[in-house]
Structures are given as C-alpha cells and as structure tokens.
Amino acid sequence: MKLLILDAGHCLSLALAREANRRTDTELVIDAGSVIDAERLAEVAPDALVIPPLSRPIRAAPAEVTAHAEAVERCMEVCREAGVALVWCVSDQLYEDGFAEPIDEHVIPRPRDESLRRLVTTGDRIRAECPRHLIVRLGPLFALEGGHAWLGELIDTLVAGREVRGEADVTCCPTSADAVAMSLIGMLQQQHCGAEAWGSYHLAGTEPVSVYTFVSMVRTQLATRLEGLGERVALGEVKAMHHHHDHPLRRVLNCRRVLEVFGVHQKPWRLEVGRMLDAWCEANRRDPEPPEEPSSP
C-alpha cells in the first residue's frame, strides 16, 4: 500500500513516517505543500492521500482556516477524478460548544464561529462528492516534534521557566500522534484489502481530562524524571484559566465505531505521555562532568 501525505513538517506526518518505516507493507511519500495537483497525484499514484489536521482552528486566523479548507477541497476534487481515496483529519474543536455526553460519529459539528463553519462546509462537500473518504476527527494531538506538537511545546516552555496556562473548565481527550499514525495505517490497510468502510470516525485518547490537569501532569512527571536523573531545572509554573464559568465545556469523542469496524483500541494518553517524556529525557540527558585531572605536585 502506498500513501501520500501532505504538510511534511506536521507532527502527524512525522509520526506516519516513523510508523511506515517500521513496517514492510506500507510505502509513504510526503509532500511539503498543503495541496496536490493532478499531475503530482498521477506521478505518485498512491492508494490514499492523507491530509493532517489544522490544529487549534479556534485560535487560528480566519484566513488560515479558509486557506486550509480550500486546499482540502482542491485535493478532494483531484482525488475524486483520479479514484484515489481521501483521508482528512479534523480537530475536535469543530464541536465548538461540546456536549454533555461523548460525541458520536454521526453528529455533524454545527459551530457558531464562521471560520469553523467553513471547515464543516468542506466536510459536507467530501461526504457528498467523494464516496471513498475517511473523515477522522481527532482529540488534541500531542507529540515531541513537528508542527503543532503540543507536548514538545509544553516541555520547551516549562524547561525555559515560563508559565503555562491551561483551561480548567475544558475537558477533552488528548491524543498521541504516534497512536493516530498506527491506527490510520491499520485502517487503510483494511480498506486496501477490501473493507470498503468509508465514512467518518473518531480517534482520541482514553480518559477525559481538563487541559489544566493534563498540563499539570506533564509538569509533575517531567519534574520527577529530571530529579531522578539528578537534573536541577526550575520548571515554569502552571496556571489555571476559566473561560466557561456557567457551563464547563466537554469535548469528548466517542470512539466506539472505529473499534467496531476496524478493531482499533484507543491508547491511554497517560501511557503515551510517559513514553514520550522518557524519550525526551533520554535525548536531552546531560553528560556527567568529567572528573578533574589531579594537579601536578
């Protein structure tokens, strides 16, 4: 199976590259751009085109959101003409106001924000015009490296001694980019073998948690590891923010369908964070100071 993925520097693109390198059944071609034309698609001849998500679209400039939506639609058009499957990954922030209960796949986002509505329009077009598609809605992605690598950004900020703020009244399911990459390749391998289970799916980490609690846990676990290594680092503090005083926001994706159809189990975010923190500490471990040479008599 051959996959073509856009946005080479995105944390999900890097995670897909790592996962493909571990396998012998998947070839991955990565393009730096955010859009593909018919000539390039014909040259690569992939089984599927994968588009990473626009992370944190609520905070993105309207022009950035519009550009992403237009690029996705152009990709959809060339994929439809070439008969290539389209995989579009989407942030859970399209469910702007959240829900009291976990959100099922059949629930189409209906945000109030005009920029977010533009992304919903793109999803509507894909469902109507491109039968061979996967729209994969993701919880907040975290990774150590690449664009939108939330965890890497958190660690850098904490180690620099700067304050990190996190919403105490927003509950979500942080999602490992590595886990998403493994799941996507597994899903596409089944599609490649004739599953024909196209449509919308949710992928997110287990255990809903507030953004503030997630960030605080990262700080605590990082401090514990650094202390165990004998490193003395004055980490930045974590401050709670409250934006939804009357109605705390719950943005929790129900990932039952991806389990029922593809057998994909969600990975606990705590285990993934712990693994990544271990990897970060190993990569950034300082060499011990060499012993001083004895002075000459």
message: If you apply the rule side chain to side chain contact (heavy atoms under 4.5 Å, CB included), what do you find for D92 with R137, and how did you get there?
response: CA-CA 6 Å; D92 64 340; R137 304 185 186 112; 5.8 Å; no
Does a sphere of radius 6.0 Å around [atom1] in [X] hold more than 12 heavy atoms from other residues, nucleotides or ligands, not counting ones at 6.0 Å or beyond?
X	atom1	value
R22	CZ	yes
E282	CD	no
E129	CD	yes
E114	CD	no

Using 4.0 Å as the upper bound for N to carboxylate O, is an ion pair formed by [Y] and [X]?
X	Y	result
R257	E260	no
R40	D37	no
E272	R275	yes
D104	R256	yes
E19	R23	yes
E77	R125	yes
E96	R251	no

Please examine the side chains of [Y] and [X], heavy atoms only from C-beta on, and report whether any two atoms are closer than 4.5 Å.
X	Y	result
W88	M76	no
L144	I155	yes
V218	L151	yes
L4	V50	no
R112	D97	yes
V258	V136	no
I185	L16	yes

- request: Go through Q266 and T206 one step at a time and tell me if the side-chain hydrogen bond (donor to acceptor under 3.5 Å, both in side chains) criterion holds.
  value: CA-CA 6 Å; Q266 308 311 113; T206 59; over 6 Å; no
message: Between L3 and V29, is the side chain to side chain contact (heavy atoms under 4.5 Å, CB included) condition met? List the steps.
response: CA-CA 6 Å; L3 304 178; V29 178; over 6 Å; no
query: Which heavy atom of R219 sits nearest a heavy atom of L235, and at what distance?
result: NH2-O, 3.3 Å
- line: Closest non-hydrogen contact found for G146 with L14 is CA-CD1, 3.5 Å
[X] side chain vs [Y] backbone, donor-acceptor pair below 3.5 Å:
X	Y	value
W150	A143	no
S210	T171	no
H68	V65	no
S13	G9	no

query: What pairs with R18 under salt bridge (charged side-chain N to carboxylate O under 4.0 Å, His left out), at least two apart in sequence or on another chain?
result: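 Here the qualifying residues are E145, D178.
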Given the rule that I, L, V, M, F, W and Y join up when any side-chain heavy atoms are under 4.5 Å apart, are [X] and [Y] in one cluster?
X	Y	value
V87	L138	yes
I51	W198	no
L184	L6	no
L86	L94	yes

message: Please tell me whether F214 and W269 form a close aromatic pair, meaning their ring centres lie under 6.0 Å apart.
response: yes
message: One pair to check against side chain to side chain contact (heavy atoms under 4.5 Å, CB included): D169 and L249. What are the steps and the verdict?
response: CA-CA 6 Å; D169 50 6; L249 191 152; over 6 Å; no
- prompt: For L41 and V84, what are the C-alpha separation, side-chain angles and deciding distance, and is it a side chain to side chain contact (heavy atoms under 4.5 Å, CB included)?
  reply: CA-CA 9 Å; L41 194 66; V84 173; 4.1 Å; yes
field: Under 3.5 Å side-chain donor-acceptor pair for T122 and R118
entry: yes
- prompt: Have T26 and Q189 got a donor and an acceptor in their side chains that come within less than 3.5 Å?
  reply: yes
message: Testing D7, L12, V180, L119 one by one against P53 for a side-chain contact (heavy atoms from CB on, under 4.5 Å), which residue passes?
response: L12
query: Any idea how H202 and Y95 line up, ring-wise: parallel (<30°), tilted (30 to 60°), or perpendicular (>60°)?
result: perpendicular
